[in-house]
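Single-structure report; data block below.
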Number of protein chains: 2
Amino acid sequence: MTTDPRTLEHELPPDEELLPGEVRRPDHRSERPKRVAQTVAAARKVLEDEGPGAVTMRRLADELGIRAPSLYKHFESKAAVELAVIEDAMFDIGDVTHRAIREIGAMGPLLSLLTAYRTYCLSHPNLYRLATSGHLPRESLPPGLEDWAGNPWFVITGDPHLAQALWSFAHGMVVLELDDRHPPGSELESTWRAGAVAFERLAAQKQGDGSGWDA
Amino acid sequence: MTTDPRTLEHELPPDEELLPGEVRRPDHRSERPKRVAQTVAAARKVLEDEGPGAVTMRRLADELGIRAPSLYKHFESKAAVELAVIEDAMFDIGDVTHRAIREIGAMGPLLSLLTAYRTYCLSHPNLYRLATSGHLPRESLPPGLEDWAGNPWFVITGDPHLAQALWSFAHGMVVLELDDRHPPGSELESTWRAGAVAFERLAAQKQGDGSGWDA
DNA sequence: TGACAAGGCTAACGCTGTAAGCCATGCTAG
DNA sequence: CTAGCATGGCTTACAGCGTTAGCCTTGTCA
């Protein structure tokens, strides 16, 4: 059971509850006609349940009780269906990470963000892989979505380069874990903590002196 | 023009030239019959020049002047061809990174490793993606290859978890750069440096106190 | 000389995304 | 009320994919 990000919009916090540096959730580009919404929902479900190999136009059509060519009355191509799924996934990920930096627990903000990210990604492996690998047609996404989804990393570190580095670390860890690429017997909890410590120290120090990385 | 890792074996340094903690280059599993070698070479060339979409059994057969079904006299499946390419790529990457930690320049060992890794990966995008994403059938690789290829990260950091975290950072940076997933206008040099600094400090400190990450 | 393995070949299957064109339904303008 | 048109189904079909089955030629060796 996955939350539909489109239904969460009314739960947005008012402006005054935004953290310093935090950015508002963008609007969806447009309402989706029923058939489009059904197709995207089916695509997401089939993808998550049975993997990318199961997501074919004929299969999606089956889920709606129609024939594959009819889908082309609603989508230009299979890539367009996938893009819509990617869009939903990015809203999902943004919701999870924005929530993580607002509700920090005992482990501190940075590890809280990393843990939330990891937990979400591992429980939606196929969705995450689809959303984060391969070319992304930026101009077809709702404006501001990408920025908003990446914003928590900046809020946490207070520095654009550190944010980017931290997110890259998290992404690398997650994809390697999803593909079982870490050496067998790895103690991944410790690795996550090691990364968290490395960036935590630097972020704390960065706040103090305000120096750059170009020396 | 890419170096064939199979021809470099005689350039291995003798044992006494290994750095502390460094591991010896493993042997290849077996000699490849001529047709097999030709096919793998063609696959690598087509992949690097024209992308994964161009690597089809019919296309590879074309490169050898034969028909697609004949390839199945030499390979069990297309995946077997790809696995052989992956094996070569891992030898390549291992060679590059082992060389980087032996010939450190003015920038220090950690940034030297990161820079060498980045440079190689960016100049072989399709090869790198093939070698590092998706499921890897470990049991079909030459024994020790994976360990040897990942060994430089351990040598540089002196700690398995820090090594894994650093490599994940590098991998995340590279794949996001290859797919143009970093926000437009990113100053990636600074981001690489930020990551390098974060891990460098921790590695230096780690050598000192020998504490773990489990607190 | 006969047997056999190696390595080509063609034909074909089931799958994919997708184009072309037909047809029923329902809304809307004259 | 009816003509026209957009919407969204449908069938048929195509090219390309990985792969299988089965045939045939060539070279090697007993």
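Bear in mind the structure is a predicted one, so any value in this text is a computation, not a measurement. What's counted below: heavy atoms across the whole structure, side chains too, no hydrogens, waters or symmetry copies. Residue numbers begin at 1 in each chain, while the letters A, B, ... track the order of the sequences.
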Interatomic distance where CZ belongs to B/Phe75 and P belongs to D/dT20 [whole Å]: 15 Å
Beyond-backbone contact of A/Leu141 with A/Leu83, side-chain heavy atoms, under 4.5 angstrom: yes
Sugar-phosphate only, base, or nothing, as touched by B/Val55 at under 4.0 Å among non-hydrogen atoms: sugar-phosphate
Atom pair distance, as rounded to whole Å: CG in B/Leu60 and P in D/dG18: 8 Å
Nearest-angstrom distance from the residue atom CD1 of A/Ile66 to P of C/dA24: 19 Å
B/Arg67 side-chain proximity, nearest of C/dC9, D/dT19, C/dT16: C/dC9
Between D/dG18 (C1') and B/Arg58 (CZ): distance, integer Å: 7 Å
Length of the line joining B/Tyr72:OH and C/dC9:P, which is rounded to integer Å: 15 Å
Touch class at under 4.0 angstrom, heavy-atom based, for B/Lys73 against every strand present: base
Toward the 5' end of DNA chain D, by each residue's nearest nucleotide, A/Gly65 or B/Ser77: A/Gly65
Step-by-step side chain to side chain donor-acceptor pair (under 3.5 Å) determination, B/Trp148 to B/His98: CA-CA 9 Å; B/Trp148 170 77; B/His98 275 274; 3.1 Å; yes
Nearest-Å distance for atom pair CE/C1', residues B/Met57 and C/dA12: 17 Å
Close side-chain approach of B/Phe169 and A/His171, heavy atoms under 4.5 Å: no
Atom-pair distance (NE2 on A/His74; P on D/dT7), nearest Å: 11 Å
Contact under 4.0 Å: B/Ser70 side-chain N or O vs C/dG7 OP1/OP2: no
Closest to side chain of B/Thr56, choosing from D/dC17, C/dT18, D/dT19: D/dC17
Smallest separation among heavy atoms of A/Gln164 and B/Ser186, with atom names: NE2-OG, 2.8 Å
Atom pair distance, as rounded to whole Å: CG in A/Leu71 and C1' in D/dC10: 13 Å
Per A/Arg35 side chain, nearest of listed nucleotides D/dT11, D/dG9, C/dA11: D/dG9
side-chain contact (heavy atoms from CB on, under 4.5 Å) evaluation trace for A/Leu127 with A/Tyr120: CA-CA 10 Å; A/Leu127 188 63; A/Tyr120 177 85; 3.5 Å; yes
